[in-house]
Every structure is written in structure tokens, then in C-alpha cells.
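Beneath this line is the structure, given in C-alpha cells, with notes to follow.
Each ligand, and each atom within it, is numbered from 1 in the order the structure gives. Values reported hereafter were calculated over all heavy atoms of this structure, with side chains retained and with hydrogens, waters and symmetry mates removed.
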Amino acid sequence: MPVDSADVVIIGGGVSGLSSAYFLAKAGKDVVVVEKGTVGSEASGRSGGMISERVGESPLVPLAVESLNIWAGLDDELGYPTEFTHHGRLQVAVTEEQMDEVFSERDAAFAHGINVDQLDPSEMRDMIPGLSEKALVGVFFPNGGHANPQRTVQAFAWALQDMKGRLYQNTAVTGMKVADGRVSSVETSAGTIEAETVVAAAGPQTALLAEMVDVHVPAAPARVEMLATAPLEPLFKIALVGNGLYGRQAARGNLLFGGGPHEWADVGLTTDPDKPNTPLIRNIARRLAELLPGAADVPVIRSWAGVVEQCPDYLPIIDFLDSPSNYVVVTASAHGFGLAPATGKAASDLVLHGESSIDISGLGLRRFDNVGTGWRDERGWIPAPEQPAAH
Ligand SMILES: Cc1cc2nc3c(=O)[nH]c(=O)nc-3n(C[C@H](O)[C@H](O)[C@H](O)COP(=O)(O)OP(=O)(O)OC[C@H]3O[C@@H](n4cnc5c(N)ncnc54)[C@H](O)[C@@H]3O)c2cc1C
């Protein structure tokens, strides 16, 4: 006997799954979310909270721009606070090499018709008290921002429940039944849930779920690390990227900063993945002290890691598959927090209309048709040595 049935069963109670669930419930669908832990207990609750237009990744720009539009009204939309602040994002270069990255972001923004301002060192120091004397040049994106990941996940979850969406926490998906080319039900640790449509938004486990329905999703798990300092007086409200770091000052005053490189990790289908910190945290602390010497003596009080999934091109997958014909894959890559409102909208569009109102044409699974199962091993020990993991 099934324990439940729904129009749409969403696997994963992270920010992508909950955003998808919210927009589907808002459109009148009967929605169930199945989460093996508690909402946001994996990458989504551990995120840096940075939100940007992702100008360096052309296929993502329409999604990222639409996401920022949704973020601007999200607290009112959901009826709960996300702590979204919209004061812009500054990308700073403190070395000659980083200047190339900054200029390439500036040029990419212009190419997408997005206005940015180039700032000199004194303008940057007005914006960020305590910024390094070594800061050479910066580009300011007026539209960037950040939000509190824990509050955001909770806001989506509560808003979903307000619309009678059902949330099964501490419930793991263990299998799927496929009949006539469709997933007919999802097997969970609480019993069988019948589904008209399934949205798999299970973070790094999305690839393992896909294997159950004979689909190869080349999204491999990687560890991302962050630290928090003791609270400081209010210094800046913008999102700050520089010296291989990204971060913000939280509402309580803590500086929250993270950066790469991201090492590959491993996950099981139903277990909590290991996510220890590594000596990378010391390196992040050093880079933060270089970037903000004014904060160099402030103690680091916490550090943590989370596991994200990375595709060969570091971009998400949002796709309604041909087979099984009622199965939507949603992966977020390493920057899915900022994108999540639009990701959820796009996923709900796919379920409701078979196509997305936001241009996600560059994010289909078919772009990996020629990628074999051994691609991760061919990359070496870290997914993207050349990427500073800037958000
Ligand atoms: C330290 C860190 C910093 C980051 N900083 C930023 C940032 O500043 N900006 C940004 O945009 N992004 C950032 N990211 C990335 C961002 O957090 C993720 O891309 C995003 O949260 C992914 O959301 P998700 O819902 O797709 O996946 P997840 O949050 O991983 O959610 C998937 C959920 O599926 C559940 N699940 C898995 N398997 C099963 C199963 N078998 N049954 C039931 N449930 C299952 C998991 O428990 C999990 O809760 C960061 C990530 C980390 C770890």
C-alpha cells in the first residue's frame, strides 16, 4: 500500500528542490518533498549565500538575471525573511594576475548588456573599510547581493507548507519503480509514494538516483569549505569577491568567507556524506587576512564544509528527460544558492508546460552525450584548479 501519492514528488529538500516545490504548489499542483535529513541540512544550509549575475558563464546569465529579479521580491512572495540584501557585489584584484580576472568579468558583463563600474583603490576602500592597500582595481556589480541560506531554505519550506505542500523529512529515497517508460512510484524509508512526475533535486546524490532509472548524469561530488570570524561592527553590506575568496558580512557582524580549490568527495545514496574541514581553512584565513588586513586579528570562530555536485563544464543541469518521460533532473553545480529561485521556476515550468519561460537551453543533459563515466578521474584530484570558486 502506498503511504502517499502526489502530482509531483520532489527528491531533495535543499533550496533547489524546495524552490521547485514552492512554484509547483503555487501553480496548484499537489506536491510532496522527500528529504533524507532536514531541510537545508546539506549544501543549501552551508552555503556562502552569495548571489550574482554569473556573467562569466554565458548559458547561466538568463537564469541568474531572472533569479535576481525573483530575489528582489522573495520575502514578500514567501511571507518569510531571507535576509536578502541588494547592495551590489564588488570583485577586487590584489595581484596583477587577478586584474585579468576582474577585467574579464567586466568585459563579460558589458557583453551581456549588464552595467558595471570600474573602481580605483580609493573608491574601493570607501566601500570596504579595512580593504588591503594592495587592492589594485575592482569592478562593482550594482545588482549583486547575498542572503541567509538557512533562513532562505526555511522560508521556502514554510511557504510550501502554507500551500499544503507535504514535506517528508528524515525520509530517504531508496529506489524507483519504472513502468512503461515512466517512474510510477518512489520507494522511501517511510514507504512507497506514487508520483505523476518526479523532480530529482538531490544535490550530489542526483547522479546516483539517475543510475536507478538508467540515466547517466555526469555530476560528481566535491567539497566546499567556509569559515566565520567573530562578529565585528558593521563594515560593509555588499558581496565581496577577491584574492580567490567570496564572502559577506552577516547580519550579526561575522565575516563569512569561502574559497577553492574544491576537492572531489564521495557520497552514498542515503547516508550523510563526510564533510570534514581540511588545511584549506588555514589558507582561506590567510587569504582573508591579506584581503582585509583590518580584520586580520579577528578570531576565526567556526568553519565548515559542504558537498556540491560539479558537472564537466561546472554548469547546472535543468532538464525534463525523454526517458523516463516524467523525470526532471535539477543539479545546481557549486553556485546553486543564488540561482535557486529561478531554478525552481524553470523546473516548475518544465513540469507544468514542458518548457521553461527562462532560457535554460544551455543547461540540458544532452550536452553531455559524449561524456563517459570516467570523466571525473580524468580531471585529476580537484575539479577546477583554475577556478577561484568566486560566486
Ligand atoms: C560551503 C559552501 C558555500 C557555498 N557558497 C555558495 C554561494 O555563496 N553562492 C551560491 O550560489 N552557491 C553556493 N554554494 C553552492 C550552493 O549551496 C548549492 O549549489 C545549493 O545549495 C544546492 O542546492 P540543492 O538544493 O540543489 O542541493 P542540496 O542543498 O545538496 O540539497 C539536496 C538535498 O537532497 C537530499 N538527498 C540526497 N539524497 C537523498 C535521498 N536519497 N533521499 C532523500 N533526500 C536526499 C540531501 O539530504 C539534500 O538536503 C555553496 C556551497 C557550499 C557547500
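- If you look at A334 next to ligand 1, the close heavy atoms, those under 4.0 Å, all belong to the backbone.
- Defined by atom type and a distance below 3.5 Å, a donor-acceptor pair is missing between the side-chain atoms of T229 and N254.
- Considering backbone and side-chain atoms together, H335 places an N or O closer than 3.5 Å to an N or O of ligand 1.
- Heavy-atom contacts from other residues, nucleotides or ligands closer than 6.0 Å to CG of D297 number 12 or fewer.
- In terms of polar-atom proximity, E35 is counted as a contact of ligand 1, with an N or O under 3.5 Å from an N or O of the ligand.
- For ligand 1, the polar-atom distance check against V224 finds no nitrogen or oxygen pair separated by under 3.5 Å.
- Distances from atom 23 (O) of ligand 1 to the heavy atoms of G12, G40, S44, G336 show the closest one on S44.
- By the criterion of a heavy-atom distance under 4.0 Å, neither the backbone nor the side chain of A305 is placed next to ligand 1.
- With atom 53 (C) of ligand 1 as the reference point, the heavy atom nearest to it among A332, G306, P273 is part of G306.
- The atoms of ligand 1 that sit less than 4.0 Å from any heavy atom of E42 are 30 (O), 46 (C), 47 (O), 48 (C), 49 (O).
- When each atom of ligand 1 is checked for a heavy atom of G48 under 4.0 Å away, the hits are 3 (C), 4 (C), 5 (N), 6 (C), 7 (C), 8 (O).
- Taking the six-membered ring for Trp and thresholds of 30 and 60 degrees, Y80 and W158 have ring planes inclined between 30 and 60 degrees apart.
- Shown in contact with S333 at under 4.0 Å from a heavy atom are these atoms of ligand 1, numbered in order with element: 19 (O).
- Within ligand 1, the atoms closer than 4.0 Å to a non-hydrogen atom of A43 are 17 (O), 21 (O), 29 (O), 30 (O), numbered from 1 in the order shown.
- Within ligand 1, counting atoms from 1 as listed, the ones closer than 4.0 Å to a heavy atom of V34 are 43 (C), 44 (N).
- Across R54, H262, R46, heavy-atom proximity to atom 1 (C) of ligand 1 is greatest for R46.
- Classification of K275 and E225 as a salt-bridged pair fails, no side-chain N sitting under 4.0 Å from a carboxylate O.
- Neither the backbone nor the side chain of P149 has any atom closer than 4.0 Å to an atom of ligand 1 (non-hydrogen atoms only).
- Residue-to-ligand polar distances keep P204 apart from ligand 1: every N/O pair is separated by 3.5 Å or more.
- Not one N or O of L209 is nearer than 3.5 Å to an N or O of ligand 1, by distance alone.
- The option from A200, G17, A202 that lies nearest to atom 32 (C) of ligand 1, judged by heavy atoms, is A202.
- Polar contact with ligand 1: absent for T38 (N/O pair, distance under 3.5 Å).
- In D180, the CG atom is not crowded: 12 or fewer heavy atoms of neighbouring residues, nucleotides or ligands sit closer than 6.0 Å.
- With respect to R54 and E105, no salt bridge is recorded, no charged nitrogen being found less than 4.0 Å from a carboxylate O.
- Inter-residue side-chain proximity for L209 and V173 is flagged as met; some heavy-atom pair is nearer than 4.5 Å.
- Looking at D319, its side chain does come within 3.5 Å of a backbone N or O of L365 through a donor-acceptor pair.
- For ligand 1, the polar-atom distance check finds an N/O of S16 within less than 3.5 Å of one of the ligand's N/O atoms.
- Although no hydrogens or angles enter the test, the distance criterion places no donor-acceptor pair under 3.5 Å between the side chain of R287 and the main chain of R282.
- No heavy atom of S19 sits closer than 4.0 Å to any atom of ligand 1.
- Taking the charged nitrogens against the carboxylate oxygens, K26 and E77 do have a contact shorter than 4.0 Å, which makes a salt bridge.
- With respect to F337, the ring pair (Phe, Tyr, Trp, His ring centres under 6.0 Å) criterion is satisfied by exactly one of F156, F84, W71, Y246: W71.
- Residue-ligand proximity, G338 to ligand 1, at heavy-atom distances under 4.0 Å covers atoms 10 (C), 11 (O).
- Note on ligand 1: G258 sits outside its first shell, no heavy atom being nearer than 4.0 Å.
- Taking 4.0 Å as the cut-off between side-chain N and carboxylate O, K36 and D272 count as a salt-bridged pair.
- Checking V371, L363, T331 one by one against C311, the side chain to side chain contact (heavy atoms under 4.5 Å, CB included) holds for a single residue, T331.
- Of the polar atoms of M50, at least one N or O is found under 3.5 Å from an N or O of ligand 1, judged by distance alone.
- Using modelled atom types, no side-chain atom of E53 and backbone atom of A109 make a donor-acceptor pair closer than 3.5 Å.
- Residue T171 places no N or O, backbone or side chain, under 3.5 Å from any N or O of ligand 1.
- Near Q205, meaning under 4.0 Å from one of its heavy atoms, ligand 1 places the atoms 37 (C), 38 (N).
- By the 3.5 Å distance cut-off applied to N or O atoms, M226 is not counted among the residues near ligand 1.
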Exercise for the section: Any chance you could lay out the side-chain contact (heavy atoms from CB on, under 4.5 Å) test for K177 and E187, step after step, and finish with the verdict? Expected result: CA-CA 8 Å; K177 272 207 186 104; E187 306 297 327; 3.4 Å; yes
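- Every atom of ligand 1 with a heavy atom of L269 under 4.0 Å away is listed here by number and element: 38 (N), 39 (C), 40 (C), 41 (N).
- Comment: K164 does not engage D30 in a salt bridge, judged by the lack of any side-chain N to carboxylate O separation of less than 4.0 angstrom.
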